[in-house]
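Each remark here refers to the structure printed beneath this line.
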Amino acid sequence: APARYHHPRGYYVSSWHVGHRLPPAYWGPTYRVDYHYYRLPPPPRGHHWVRIDNDVVLVALASGLIASVLYDLFY
């Protein structure tokens with residue numbers, strides 16, 4: 001993860017939950033999390049772990065749907 005977190009353009013405050021659609025700005029490589037480093041389960045094919053504030057979200061890249069949320073991984 002970057003040393004300092006920067007919100008993507010068009011950021012808005014929201015509470016992320018499974019089944020919500022994540023805005024495409026969050027899917028970029030800047031927000032992807034190294035799941036090995038943080039000992040997260042490997043993402044299924046077509047999914048990536050991404051950071052949003054202090055949370056980590058598993059998102060399907062084709063649709064933007066959130067499959068899983070880990071709250072407060074970063075603090």
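Of all heavy-atom pairs spanning R51 and N54, the tightest one is NH2-OD1, 4.2 Å. The two residues W49 and P41 have their closest heavy-atom pair at NE1-O, 2.8 Å. Taking each heavy atom of L58 and P43 in turn, the nearest pair found is CD1-CB, 3.7 Å. Pairing each heavy atom of D72 with each of D55, the nearest pair is N-OD1, 2.9 Å. Contact between Y71 and H17 at its shortest, heavy atoms only, is OH-ND1, 3.3 Å.
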> Does the pair L73 and Y38 meet the rule for a side-chain contact (heavy atoms from CB on, under 4.5 Å), with working shown?
Replying inline: CA-CA 9 Å; L73 183 67; Y38 292 102; 4.2 Å; yes
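The residue from L65, L61, V59 that alone fulfils the side-chain contact (heavy atoms from CB on, under 4.5 Å) condition with L22 is V59.
Distance alone, capped at 3.5 Å, is enough to place a donor-acceptor pair between the H47 side chain and the R45 backbone.
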